[in-house]
Amino acid sequence: MKSEYILTGGRVIDPYRNIDKEMDIGVKDGKIVEASAIPDAEKIDVSGKVVCPGFIDMHVHLRQPGNTAAETIATGTMAAAAGGFTAVVAMPNTSPAADTAGTIEYIKRHTAQDGVVKVHPCGCMTKGIAGEEMAGIGSLKSAGVVAVSDDGRCIQKHQLMKHIVQYAKAFELPILDHCEEDGIKDKGVMHEGVWSTLLGMQGIPSAAEELIVARNIIMARTIDWKIHLQHISCRESVERVRIAQKRGIQITAEVTPHHLSLTDERIKKFDTNYKMNPPLRSEDDRQALIQGLVDGTITVIATDHAPHTETAKLVEFDYAPFGIIGLETAIPVCLTELYHTKLLSLPDLVSKFTKGPADILGFDQSGLAAGADADITVIDTETEFTVDADKLRSKSRNTPFKGMTFKGKAAATIVDGKIVFNEL
Amino acid sequence: MDNFKWTRKDLLSLYDLEAEEIEHILDTAEEFKKVSQRNVKKVPALRGKTVVNFFVEPSTRTRMSFELAEQRLSADIININANSSSLKKGETLLDTARNIEALQADLIVMRHSAPGAQSLIAKNIRCGVLNAGDGAHSHPTQALLDLFTIREKKGSLKGLKVSIIGDILHSRVARSDVWGLIKLGAEVTFAGPATLVPKEFENIGVRVCHNLKDALVDADVVNLLRIQHERQKRGFFPSTNEYAKFFGLNEASRKYLKPDALVMHPGPINRDVELDSAIADGPQSVILEQVTNGLAVRMAVLFLVSGCVEK
């Protein structure tokens, strides 16, 4: 592997420094350097491509430890690299759950051995994600977690949630919350709306999300700490976040590529690859999510990459697990749905994958400045990409985008100067 | 009979069918109805074919009707129910179905509590699949026998006003009837407590009301659905007494009914809850004729789909 090279002729978009211009980027010994400092280095032509700081997916399930039939740190980070991500935040609902320093150490050790991109572990808020007792948040911080979350579940006991937000604040750990009120969700399996009514399936009302979004806004305001709302899915959530942000409350939100591009109507053939939680909602919700991205209410796009084996998914819709994979389709879907439609400029779109998550997680803000880690995502915005499920790097195949064609994809992924994915 | 050519190996939902396919089933059922009126109630239409009745959710009436229909068509029959199936041992539904397929069965008649379970099977195996009820989603042969009965009594569905009253939310009968009725030109009203009659049905052109009188006046056909006590426990309505008072067809509410309106019920009836005995057994009731017609309709669909299953 070459230790120094120059990416030449690309359009550099660096949201951390508000840069959008054609320039060369030098890489030496894993760091960004001025191209002029290494005049003799190999040139890699990236003209016509877009060169960005490394994309971060702050919502990924790597399934290790516990469900390595569906994904491993090795395959999940390979998928991340192929999707253009240089770093992922690993959700803690593994088996065992990442609620102790020991499990975090395990994840870090396996990342060091097998990881293709950077893995930032997220710790649990409660022991075993059971929603009953606070996890050892201080010890998790010492072990290296970048945030805490009970993702996949939602703490229903508001007093406990309040204590966790207070406690995590003192350790400067952001809260990432899966917003869902269990009582009103009940046994719902898809969005409650026209399609659940027609299909005779129990719905998950938007109110299940909205109730906890409202609770979290109250917590963030009264405790004055950062609560990030994971994968919001409905209009009401966007509107509440918008109002809260205007009042200066430390509330942020992410949206997934699938909620931006698909609606509940897809479920009419009972394909379990359209079953995830929160569910695909209505066209009106989808439009509201896009509007939230456009006006800056939503600052992050994250995939909620949730691998499940074919055996687990090829069952009755009611019994299938929630979740779909997303790492390798995120950039194609978002370029197609947001950039080529002219809803978002390229710098704004890139920001949702870079500065957006970095701001929340307190990550380095140097971008592609000299001296920064050479974590770089190179995008080809024009190449057509058809999703061939059999060619995905993820160990699982549960994508709703199978067979669909998108415009644009990751062309190269560079982590600490090492080109870990290369289609240049 | 018309020249229409049936092409489906499965019958999953009336949502999938064109109006002329529905009419074709009803026409075919008319022919098969005659079989049951003969001295020898048997024809060789399915001789040498194997039909598996796979009931993952219990059923008495539908299963009895299907079984008899299969016997009258001379099919070989196997019955599997949830208690005896390997599903109890952790086998997936699809694996169980693949085992049935490997036995060279031709048709699977299946009931399951999960919406879409039959679609999963139909997509993945060669056998024809007949949906005998999938959760609250669909029960196409019930809808077909309802359509058959209405057509037989009224001549045509076109322009008829049909009111379906009761627990629409949990009803696969309502969700099946509605597509058949709309496709054949009837006007549909859903009525019952606001908790059990989702307004979302207005999106497909159904009139939704929560007042029994509005549902009864002008109705040419009234279809009462069974109300389950379990729904009361889950807070959908306060008591069966209150349900009967506001939404039951009884002495008080029957005055709104047109004299020639048909009274239907998919059974089993909660007598004196959704429907008073006097009306259930009265001259406007076609409830037992529905049962008779169910047999003819099931013979028709078994016959039609069996012709489209690959050898």
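Because only heavy atoms are used, hydrogens play no part in the values below, and waters and symmetry mates are left out as well, while side chains stay in.
- Only the side chain of His112(B) comes within contact range of chain A, judged by heavy atoms closer than 4.5 Å.
- Heavy atoms of Lys123(B) lying under 4.5 Å from chain A belong exclusively to its side chain.
- When each of Leu120(B), Asp95(B), Leu93(B), Thr92(B) is paired with Leu314(A), the side-chain contact (heavy atoms from CB on, under 4.5 Å) condition holds for Leu120(B) and for no other.
- The CG atom of Asp134(B) sits 9.5 Å away from atom CE of Met201(A), with the distance rounded to the nearest 0.5 Å.
- Between Arg234(B) and Gln202(A), the shortest heavy-atom distance links the atoms NH2-NE2, 4.3 Å.
- Contact between Pro115(B) and Gly200(A) at its shortest, heavy atoms only, is CG-O, 3.6 Å.
- Ring geometry for Phe270(A) versus His137(B): interplanar angle over 60°, hence perpendicular rather than tilted (30 to 60°).
- To the nearest 0.5 angstrom, Glu316(A) atom CD is 7.0 Å from Ile121(B) atom CD1.
- Residue with the most contacts toward chain B among Asp271(A), Thr311(A), Asp318(A), Thr272(A): Asp318(A) (heavy-atom pairs, distance under 4.5 Å).
- Remark: Glu310(A) CD is loosely packed, at most 12 non-hydrogen atoms of other residues, nucleotides or ligands lying under 6.0 Å away.
- Interface remark: Ile204(B) contributes side-chain atoms only to the contact with chain A (heavy atom separation under 4.5 Å).
- Ranked by heavy-atom pairs under 4.5 Å with chain A, the first of Ala117(B), Gly116(B), Ala136(B) is Gly116(B).
- Going from atom CG of Leu198(A) over to atom CH2 of Trp179(B) covers 5.0 Å, rounded to the nearest 0.5 Å.
- Distance CG/Asn203(B) to OG1/Thr197(A): 8.5 Å, rounded to 0.5 Å.
- Taking every heavy atom of both residues into account, Ser113(B) and Tyr319(A) meet most closely at OG-OH, 3.4 Å.
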